[in-house]
Amino acid sequence: MANQPYNPAEVEARAIDKWERQEAFRAVEQPGVEKFYCLCMLPYPSGALHMGHVRNYTIGDVISRYHRMCGRNVLQPMGWDAFGLPAENAAIKHDTAPARWTYQNIEHMRGQLKRLGFAYDWSREVTTCRPEYYRWEQLMFTRLMRNGKAYRKDAEVNWDPVDQTVLANEQVVDGRGWRSGAVVERKSIPQWFLKITDYAEELLQGLDELAGWPEAVKTMQRNWIGRSEGAEFEMQVCDAAGAPDPGGRAVRVFTTRPDTSFGMTYAVLAPEHPLVEEITTAERRAEVERFVAQAREATEEDRLAVEGGLEKRGVSTGAYLFNPFTRKPVPLYLADYVLMGYGTGAIMAVPGQDQRDWDFANSHGLPIIRTVAPPDGWEGEAWVEDGPAINSEWLNGLEVAVAKEKATQWLVEQRIGERKVNYRLRDWGVSRQRYWGCPIPVIYCAACGALPVPEDELPVVLPEDVTFMGVRSPIKADPEWRKTTCPECGGPAERETDTFDTFMESSWYYARYCCPDADSQLDERADYWLPIDQYIGGIEHAILHLMYFRFYHKLMRDAGMVASDEPATRLLCQGMVVADTFCREEDDGKLHWFNPADVEVERDAKGGPVAAILREDGEPVSFGGVEKMSKSKNNGIDPRVLVERYGADTVRLFSVSDSPPHQSLEWSESGVEGASRFLRRVWSQVLAHVDGGPCEALDAGALDAGQREMRRLVHDAIAKVSDDISRRYTFNTAIAAIMELTNHLARFDDSHPQSRAVVREAWLAVVRLIAPITPHICEELWSRLGGAGPAYCADWPVADEAARERQQVTLVVQVNGKLRARIELEPGAGQEQALEQALAVENIKRHVDGKTIRKVIHVPDRLLNIVVA
RNA sequence: GCCGGAGUGGCGGAACUGGUAGACGCGCCGGACUCAAAAUCCGGUUCUGGCGACAGAGUGUGGGUUCGAGUCCCACCUCCGGCACCA
C-alpha cells in the first residue's frame, strides 16, 4: 500500500464529495458560540478564475479553516458582483444578452471554486444582478432620497457624439470613443449623488480605531478624505480705489493660512464661479469670456498639464476685492488652478507663502509680500514652513500656529468669517448611463418632479431578455419601459433609465450574506455575524470600495439595521501574482509577448539565467521583466491547467508558500513542482507509517534522548505554525516549518516501538497543521491515520509545553562581538558556569589568552559575549 | 512635489523583541538507483584564502549609537504603489 501513488484528482474528488454530503461548511447562527466571519471580496464573473482569485481565496480559506478547527463558528460565504460593463462588451462581441453571458460565467466559475475545495457556505450565495438582491438597495435609496442623503445635481460625463451615448472612463481611449473613434465631448447632465461628505469626519476618525487594517490603506483613505482646517471669510467687491461695489457683492474664500492675510496681493476665482459674469468689468469682458470658454473645453488632462512651476494661466476680471486685514483693494483674477469643486471656488493669493501663488504672481507681474520670515540665507521662493510673522501689523513676531489662531479669532470677532474645516472628499455620484446595472428607482413627473418609486412598487426590475447592440441602453431605447404614472398626481411620468454604479452592490453584500433570505434588507442575524472578522482583497480597492462600504455600513447603522460602526475589524490586502515576461520585436517594430510556459531558460553552472529560448522554434527571446499577470504581456497562467496537472492542493499550497500574503507572489513552474513534490513525499511517508501497522501508546516519560528531541521538534512546529497562521499571517513561514519537520521525520529512525508512537503523534499533528492549506489530501491522510472524525473539523493541535522543554541549549560564544564558538549547556545555566565552559574551548582561549577580560555579556540560553582588550 | 512600502546568495524569500545572517523552496554541483533517461533518494551549495582546524569579508550607499546592528538614529541612492494645482 505504501507504493500506492498519490492521485490528487481521486483524493480531491473524494474529499469534496464528503464535505458536500456532510454539509460541512454550512454556517448556522449559534448564540453563545464565538463566531468568526471571514470574507474575501466577491469576484466579478468575467468567465474564468485567474491566479489572483486563487491566491485571494486560498488565503481566506486558510484563515477560515484554521478558525473552524479552533472551534469557532465560522461563516465564509461567496457570491457574484454580477453587474458591470464587461458584460455589455461581451454581449456585443458574442451576440448575446449581458444576463445570459453573466449567468453562464457564474455557473462555470462556481464549478472552478468548488474544484479548488474552498470551504464556502454555498447556501448563502448572493448574485447582485438578481432582483431579490438589488430590490433592497433600491428601497434603501428611496429612503435616502426622503431623508436628503441622496440628491440630484448636474455632473459631467464623457459623451460620444456619434454613438449618442455616455461612455465610461475605460471606454475613452486617447480622448476618443472606443467604438466610434469620435472625439469625446464633456457634457453636463443631472445625476444622483449620495452624501458621503456628511460622514467625512466619522470616516476619518474611524480609521484610528481600525487597528487591524494595513497602514497603507488607512493613509490612502486619510489622504483621499483630505481634511484641512482653516477659515472662511468674506471680502467685499470694490474698484481699484477701494470704493465698494454698488451691488454690495462679496466673495467668500477659504484659506488654511489666515495668518498670511496681510500678504494677500491678489485674489482668484475659479473660471466656473457664479460671480464671474456679474463682476467682470466691461473692458475685461471679452478676454474673460474667452478664458472661461477655453477652461470649459479643456480636458482635465490639459488643465493639469500646466502644473509644476510652469506659468499659471489666468486673466484679470478688472474687479477688486477689499482685504479686511490691510483695508486695501487687491485685484481679482480668474485662473484655472482654482477649482470650483473645493472650498468656495475662490482663494486669497499669498505669493510669499504659497508656491503656486508665487508662480502666478511672477508671470502676471503682481507684487509679492512675505509675511513669514524665512530663515537666514534662504534663497528659495515661497516660504511655506514655520517662522515669525512679518509685515503683518498686529500679528508680527508670532509663530504660524499662534498667528493662525489670532487671525481666525479676529475674523470671528469682526463678523467677517469663521473657523472652517474642508474636505477633499466629494459626494459619491452613483448614476451610470449604462444598461447592465441596478435601475435607479426614481420617477420623473413634469408636475411633481423627481420622486422615489413607492415601496410597494419595488423592485424596479431590469429586463434581462434584451437584444443588446451596445449603442444605447435597451431601457433607454424602450419608451414602453420608461412609461409610468406619477405616484403623487397620477399623471403620465417617466422612469429613470440610469443605473447604479456597481460599487453600490458591493457596498452591502457582506451584510446580506448574514441573512440572504431575509424579507427585508437585513434582519437580526446580521448583528450575530457582523462585523467581518477578517476581510481579504486586493489593494486596488483601498480607496473606493473600502471607503464606500464603510460609508454604507454607517448608513445602515443610522437606519437601525446594524449596531456596529465599522463593517470589518481586520483587513488583509493580498499582493499581486506576477510572472516573467518574454518578448521579441517583430518586423513591424511591435513587441510580441510569449507565455512563460512556452519559454525555456538556460542557466550557467551557478544557476544564474543566461538566455531564454522559445520551445517552439529554439530561437532566443528577450526577458521583459517581472510583471503582474495580464493579457497584454501574455504572462498569465490559467489555474485550470494547473489544477488538472497537479491538483487543487498543490495549486493552493504554491499560491501561499512562496511569499507572505500581503507581498506579491512570483509565479514559478518549478515552485509549483516543489509544492507537488512535498505533497507526494508527505503522502508516501504517511502511508509507509500506516503500513507499519498499529503502534503502541506514547509514553512521554519513557522516551530516550533522540525520541524526546524528535517530539520536541513536533511541538515546536505546532507552536510556530499556530502563531504564524493566527497572529502573523505568514503562511510561507508556517509551510517552511512544516517542511522542516517532515524533513526531520524522514531522517528519524522509527524502528523502536516508542519511536513509532512519536512518529504517529507527529503525523497526526502535521496533517492537521497543513489541513487549512491542502485540505483534500489531509482529509485522506487523516482518515488513514485513524484520526477522529473528518479532518476539516478536527481539533487544531496544541503544543505540549512539557515536550518543548530542552535538555540542552546551544550557547553562542562571542569574543568582542565576533562568533568564535558554540557550547552546549543545560537550560538556565548561570553566567559563571557559561563563562567557565566557554573559556575551556580551544578557539576561545586563543582569542582571550594574553588579554584582559573587560566585560562579559550573558543572555541566558542564547549568547555569551566576552569583551577583551 | 507630498504620502506610504521595499532594497538580504544564482532566484523567491527567512531572521517576529538589537543577540548564530541566509530557515524553507527553487536552481546548480556531486553521489546512489538505472543499459540509459526521467522520477526518486542521499550529500553539498554567500564570497575570498586554506587540505583542514580556522581566518577575513558580507544584508542598496556613507556616517553614527551599542559589548553586539539586516533590525535603532542621521544623510543619501534606487525600485514599487497611492495622491497630485485641494488654497
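In what follows, every heavy atom counts, from backbone to side chain, and hydrogens, waters and symmetry copies are set aside. We name chains A, B, ... by the order of the sequence lines, and we start the count at 1 in each one.
Under 4.0 angstrom from either OP1 or OP2 of B:rG19 there lies no side-chain N or O belonging to A:Lys818. Regarding contacts with the backbone of B:rC67, every side-chain N or O of A:His858 stays at 4.0 angstrom or more from both OP1 and OP2. The side chain of A:Arg222 places no N or O atom within less than 4.0 Å of a non-bridging phosphate oxygen (OP1 or OP2) of B:rC83. Contact annotation: A:Thr733 does not reach the phosphate of B:rC16 (side-chain N/O to OP1 or OP2, under 4.0 Å). The side chain of A:Arg677 places an N or O atom within less than 4.0 Å of a non-bridging phosphate oxygen (OP1 or OP2) of B:rC26.
Counting to the nearest Å, the C1' atom of B:rC54 and the CG atom of A:Asn843 are 7 Å from each other. Atom CE of A:Met220 and atom C1' of B:rG82 are 5 Å apart (whole Å). A:Trp683 has its CH2 atom 17 Å from the P atom of B:rU40, to the nearest Å. Per the geometry, CD1 belonging to A:Ile844 stands 11 Å off P belonging to B:rC54, to the nearest Å.
Comparing A:Glu215 and A:Gln663, the nucleotide of RNA chain B nearest to each residue sits closer to the 5' end for A:Glu215.
RNA chain B lies under 4.0 Å from at least one heavy atom of each of the following residues of residues 341-354 of chain A: A:Tyr342, A:Ile347.
Across the P atoms, B:rG25 and B:rU45 are found 14 Å apart, a figure rounded to whole Å. Using P as the reference atom, B:rG64 and B:rG7 are 24 Å apart when rounded to the nearest Å.
Between A:Lys628 and A:Glu540 there is no salt bridge, since no side-chain nitrogen of the basic residue lies less than 4.0 Å from a carboxylate oxygen of the acidic one.
Nucleic acid contact for A:His662: none, since no nucleic acid atom lies under 4.0 Å from a heavy atom of the residue. Using a 4.0 Å heavy-atom distance criterion, A:Thr730 is classed as making no nucleic acid contact. Residue A:Val859 is classed as a base contact, given a heavy-atom separation below 4.0 Å to a base.
Of the candidate nucleotides B:rA87, B:rG19, B:rA55, B:rG19 has the atom nearest to the side chain of A:Leu863.
With a 3.5 Å limit on both pairing distances and Watson-Crick or G-U wobble geometry required, the stems of 3 or more pairs in RNA chain B span B:1-7 with B:77-83, B:10-12 with B:24-26, B:27-32 with B:40-45, B:46-49 with B:54-57, B:60-64 with B:72-76.
Glycosidic conformation at B:rG9 (O4'-C1'-N9-C4 for purines, O4'-C1'-N1-C2 for pyrimidines): syn, within 90° of 0.
Using cut-offs of 30° and 60° on the angle between ring planes, the pair A:Phe360 and A:His364 is parallel. Ring planes of A:Tyr548 and A:Trp428: parallel class, angle under 30° (limits at 30 and 60°).
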Return all side-chain donor-acceptor pairs below 3.5 angstrom for residues 670-679 of chain A, not counting sequence neighbours, or 'none' if the list is empty.
unit_1, atom_1, unit_2, atom_2, d
A:Glu673, OE2, A:Tyr646, OH, 3.2
A:Ser676, OG, A:Arg680, NH1, 2.8

